[in-house]
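Presented below is the structure to which this report refers.
In what follows, every chain begins at residue 1, and chains take the letters A, B, ... in the order their sequences are listed. Everything quoted here is computed from the prediction, not taken from an experiment. These numbers come from the heavy atoms of this one structure, side chains and all, not from hydrogens, waters or symmetry mates.
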Amino acid sequence: MAEPKKPVDDFAARERALFEAWREGGYFQRTPGFGEHAAEPYTIVIPPPNITGVLHMGHALNDTIQDACVRRARMRGYQTRWVIGTDHAGISTQTKVDKRLADQGISRLEIGREAFVEECYKWYEEYGTTIVNQVKGMGCSCDYSDEHFTLEPAYVRAVRKLFVDWYEHGLIYRGKRIVNWCPSCTTAIADDEAEYVDEPGHLWYLRYPLVEPVDGIEHLVVATTRPETMLGDTGVAVNPKDERFGHLVGKKVRLPLVGREIPIFADWHVDAEFGTGCVKVTPSHDPNDWAMGEKAGLPRINIFDETAHVVEGYGKFSGMDRDEAREAVVAAFEELGLLDHVEDHDHSVMTCYRCHTKLEPWESEQWFVAVDGLKEAAARVVEDGSIQFHPARWKQVYLDWLANLKDWCISRQLWWGHRIPMYYCDECGWEDASVDEIEVCPACGAPVRQDDDVLDTWFSSQLWPFATMGWTEEGMDAPQMRAAYPTQVLSTARDIMGLWVARMVMASMYCCDNTIPFEDVIIHPTVMAADGKPMSKSRGNGVDPLRLMEDYGADGMRFGLLMQVTGAQDMKFNEAKLESSRNFANKVKNASRFVLMNLEGYEPGAPEPVTPADRWIFSRLAKVVAAVDAAYDNFEFGEITRELYSFVWNEFCDWYIEFSKARLAEGADPADRAACQRNLVFVLGQVLRLLHPIMPFITEEVYGELPREEGAAPMLIVASWPDAQALARFADDEAERAIELVCEVVGAVRSARSRYGLSPRTELDVVVKAPAADGALLEGQAPLIAKLGRTASLAVGADAAKPAGSVAHVGAGLEVYVGLAGHVDLSAERARMEKERGKLEADVAKLDKKLSNEGFLAKAAPEVVAKDRGRRDELADKLARLNAQIAELG
RNA sequence: GGUCGAGUGGCGCAGCGGGAGCGCAGGUGCCUUACAAGCACAAGGCCGGGGGUUCAAAUCCCUCCUCGACCACCA
């Protein structure tokens, strides 16, 4: 693609000024509402961006969607508010701050928890505003006067309240479990936060000698991808149906290198077909082994410390990291002649979604949320349609996620985040959860200590819709909760459907008296790079929305992104669409300029269509407004942009404005000129309203320059949305037909001129043969045709004859003869018409066949049959007239 | 292994039961005073293969092929 051209003027400066005007007008705060929806709230909460983040394409798309929804709702008179704020982003921020300190040669462990958290707040103050400023740059109409943060005091209290509540109701418990441990972040990671990466690896076949040989068998061979974990083996499992090993169940093997005697046992989980059918079991370092060990009552032996180095007591292996231990163990087996053989084996490994270190299944004490008591309500409100997904198929994905949900590990061994509000008395053994901070033991008065761990970031995120609306202190009685909860729309990416969306529903149902958090969930497509792959730093295929805004303006980027939204799960980013959108924004501006240039002597007044052109554009406007409304109501954002693009460009600009020129010209009828001005101002005004939710800046700018009636909204952001019902009275089939005829005649003339290579300036004589009804529609439009078709003369008649030296255009119900004295190329004309005849004949034949099919006549809907009959007659008529023209060529 | 998405003119996509459309690129001609980031005109497609349902299939069903996502498993 060509290098995008720089904008001719400084979008950004003009955008900033308009943004400030909106903010100063107070339009970003909850609006008072007007009209029929005046009493209804319309609220959206933004998915809070991480304080470590910068605006990426996902935000750009998602925030455009939300702003379009909010802005339209505001213009429809709802009491709107779009809640914004940021997320403290536990692991992510801690990782960044860690790195920043490391760059200064400082270790987190050296400075201690308090100082480290201090550093994190410093980071927040420094960078936390970055992304919010970028959201402002997009023109998003969020309520910046009441910004939230997931670690603000009220939010912290909300989190503690929920923890304590769940704890007291037995929904939160502590347990020793095997969790996904990141040895680099030294914290547990939730299952959903782990990423799988396929990796080439090996299967090592290891010999485990039997303590006492059985029937001459001296050892079992186990296959493993992780030989180093054998140090922690406490059993060997076989499938209970596996006849090869049945007699060995209950016997023991002696674990090489360690010398431990471990049992052979049977478990259904073992696949007899895989490897040797014998599985080494390491309960502390594999979730499946954990489960098998649990059932078989095996001891659990943890061989790794928190950084995945082998713990003391394993001789030369102690102190080695996982990879070193693997090599050393394999070498030791080889030395002992216990390495049977090695095979190549690809497998996927779990990695930390933050630092991409391989995760270690590791046994540790963690806090869990028992989800069984929460998920039913969350499933029910989606099943019964209280919450709707768009596109609808995400409903099933949501329900499946819930159905498969297991208890949620919520403790993280981090310092940055919501510290778990559990207090312990080492003196008397008292422990409890508490919303308020506790310093001394209520039982014995000794000092207590708080749990060291923090909560999973999603634990706090799940409270976002209501913890930002005053729930903390007053619950459902908080004014905002009472007035505007649930919210209306939640728009987000599909990858956090479970992690966030489902959890908000569970939390809201629990905390907010069984109230859902939102009514409609928009799952927008993921923005992929132009190569179809996910955008990522490592691939270097990412696109920066800030650059896009610079090149195409915020409006151009917004419109261009929405243009690409479909119901599919991905959208391949196509920068050309943004270029088109920028051109479109420019077109709107130029059209507005034309209108403004022609307002001399403008007198306000009610718009009223007088000419067929007026009636036509009003009729088209009415239909477009209805179509745009329908598309918004169905959350079809691509459809909205397509409707607007073609109406504004191909109808309003290409034709209506052109039609207007003659009426505005000097010497035109003053009354008609005034009507034309009013109608132009009206239609343009409606167009600006329709475009405003998507292109807020350019439309607001133009609105400020257009004349306004008394009592009109001071700014477009609060102007009233076009009223489809009120406009419906302008629907006008006759006018649409009249303009269709005009366009056809003009097109015929231009086409003839172009075919013969004549200068566009050449004025041509035109004769139109049309039935009386069409002729009547056409008659008054001669000036339009003369201007747009550059005709020297125009004659219309039902029996008009083809003038000598003219070429014929056979149209729907009419013929256009364009005089080309002396230039006509008979054979070219014949070829052109014969080609068209071929197409027509095929179409007519197809319809004839259809209409002679008895099944069709009997079973198809009568209106379909009637329509096809009409079409056949029309085409047959056209064909006949075309044949006549061909015959006339001689 | 399971679930889902996509395959339509050169490229990117829309349409999802009754006439194949849009944007970009490419072609030809135009600085026609709103706009050359533009205007006009033309050209370009057995809608992935096969089978089925139907009076009617790009559109619904089955199947296969090709890409992609997500979930699960991977000793």
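In this structure, the side chain of Arg750(A) does not engage the main chain of Arg790(A) through any donor-acceptor pair within 3.5 Å.
Trp204(A) comes within 4.0 angstrom of no nucleic acid atom, judged by non-hydrogen atoms across all strands. Residue contacts shown for Val270(A) include a base, since a base heavy atom lies under 4.0 Å away. Among the protein residues, Arg761(A) comes within range of the sugar-phosphate backbone only, with heavy atoms under 4.0 Å from sugar or phosphate atoms but none that close to a base. Asp654(A) comes within 4.0 angstrom of the backbone, heavy atoms only, and of no base. Across all strands shown, Val864(A) has heavy atoms under 4.0 Å from base atoms, whether or not it also approaches the sugar-phosphate. Contacts of Ala585(A) with the nucleic acid, taken as non-hydrogen atoms under 4.0 Å apart, are absent.
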Asn650(A) vs Tyr645(A), test: side chain to side chain donor-acceptor pair (under 3.5 Å). Steps then yes/no. CA-CA 8 Å; Asn650(A) 302 123; Tyr645(A) 188 99; over 6 Å; no

Between Arg226(A) and Glu360(A), is a salt bridge (Lys or Arg N to Asp or Glu O under 4.0 Å) present by the stated rule, with each step listed? CA-CA 11 Å; Arg226(A) 300 205 49 199; Glu360(A) 191 62 44; 2.9 Å; yes

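Here the C1' atom of nucleotide A37(B) and the CE atom of Met557(A) are 19 Å apart, to the nearest Å. If you measure from atom CG of Leu578(A) to atom P of C24(B), you get 13 Å, rounded to the nearest angstrom. We find that NZ of Lys859(A) is positioned 20 Å from P of G17(B), with the value rounded to whole Å. At whole-Å resolution of the value, CG in Asn180(A) and P in C73(B) are 10 Å apart. One interatomic measurement links the two molecules: CD of Glu666(A) to P of U33(B), which rounds to 16 Å at whole-angstrom precision. One atom, CG of Asn583(A), and another, C1' of A25(B), lie 14 Å apart when rounded to the nearest Å. One atom, CG of Leu764(A), and another, P of A40(B), lie 17 Å apart when rounded to the nearest Å. Rounded to an integer number of Å, the gap from CG of Leu788(A) to C1' of C39(B) is 12 Å.
Nucleotide A43(B) forms a pair with no other nucleotide shown, judged by Watson-Crick or G-U wobble geometry with both contacts under 3.5 Å. Nucleotide C22(B): paired with G12(B) (Watson-Crick or G-U wobble, both distances less than 3.5 Å). If you check G17(B) for Watson-Crick or wobble pairing at under 3.5 angstrom, you find it has no partner at all. U54(B): no Watson-Crick or G-U partner with both key distances under 3.5 Å is found in any strand. Under the Watson-Crick or G-U wobble criterion, with both distances below 3.5 Å, A69(B) is paired with U3(B).
When distances run from any side-chain atom of Asn853(A) to the nucleotides A40(B), A34(B), C55(B), the shortest one goes to C55(B). Counting only heavy atoms from C-beta on, Ala860(A) has its side chain closest to C55(B) among C39(B), A34(B), C55(B). When distances run from any side-chain atom of Ser751(A) to the nucleotides A40(B), A42(B), C55(B), the shortest one goes to A42(B). Of the candidates A40(B), G18(B), A34(B), G18(B) carries the atom nearest the Phe856(A) side chain, counting heavy atoms from C-beta on. Side-chain proximity of Arg393(A) to C24(B), G5(B), A34(B): nearest is G5(B).
Contact annotation: Trp655(A) side-chain N/O to C39(B) OP1/OP2 distance is not under 4.0 Å. Contact between the side-chain N/O atoms of Arg871(A) and the OP1/OP2 oxygens of G19(B) is found at a separation under 4.0 Å. For U32(B), neither phosphate oxygen OP1 nor OP2 lies less than 4.0 angstrom from any side-chain nitrogen or oxygen of Lys661(A). For Lys587(A), a side-chain nitrogen or oxygen approaches OP1 or OP2 of C39(B) to under 4.0 Å.
Spacing of C1' atoms, A57(B) relative to G19(B), comes out at 14 Å, to the nearest Å. Rounded to whole Å, the C1' atom of G15(B) lies 15 Å from the corresponding atom of A6(B). Taking atom P in both G23(B) and U63(B), the straight-line distance is 38 Å, to the nearest Å. One C1' atom belongs to C47(B), the other to G38(B), and the distance between them is 33 Å to the nearest Å. The P atoms of G50(B) and A36(B) are separated by 49 Å, rounded to the nearest whole Å. For C60(B) and C22(B), the C1' atoms lie 25 Å apart once the distance is rounded to whole Å. Atom C1' of C71(B) sits at a distance of 30 Å from the matching atom of G12(B), rounded to the whole Å. For the P atom pair drawn from G51(B) and G10(B), the interatomic distance equals 25 Å after rounding to whole Å.
At a cut-off of 3.5 angstrom, counting only N and O atoms as typed in the model, there is a donor on one side and an acceptor on the other between the side-chain of Glu658(A) and the base of A34(B).
Side-chain contact between Val702(A) and Phe697(A) is absent, with no heavy atoms from C-beta onward closer than 4.5 Å. For the pair Phe584(A) and Leu691(A), the minimum side-chain heavy-atom distance is below 4.5 Å.
For Arg832(A), the salt bridge (charged side-chain N to carboxylate O under 4.0 Å, His left out) criterion is met by Glu829(A), not counting sequence neighbours.
Using a 4.0 Å cut-off between charged nitrogen and carboxylate oxygen, Arg494(A) and Asp570(A) count as a salt-bridge pair. In summary, Glu874(A) and Arg871(A) do not engage in a salt bridge, as defined by a charged side-chain N under 4.0 Å from a carboxylate O. Using a 4.0 Å cut-off between a side-chain N of Lys or Arg and a carboxylate O of Asp or Glu, Lys859(A) and Glu854(A) do not qualify as a salt bridge.
Classification of the Tyr205(A)-His341(A) ring pair by plane angle, with boundaries at 30° and 60°, yields parallel. Aromatic ring pairs are classed by plane angle as parallel below 30°, tilted from 30° to 60° and perpendicular above 60°; the pair Phe652(A) and Phe647(A) is parallel.
When each of Arg226(A) and Ile657(A) is assigned the nucleotide of RNA chain B bearing its nearest heavy atom, the one mapping closer to the 5' terminus is Ile657(A). Between Leu203(A) and Asp400(A), the residue whose closest nucleotide on RNA chain B is further toward the 5' end is Asp400(A).
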Please list, for nucleotides 13-15 of chain B, all pairs of protein and nucleotide N/O atoms separated by less than 3.5 Å.
| residue | atom | partner | partner atom | Å |
| --- | --- | --- | --- | --- |
| A14(B) | OP1 | Thr566(A) | OG1 | 3.1 |
| A14(B) | O2' | Arg642(A) | NH1 | 2.8 |

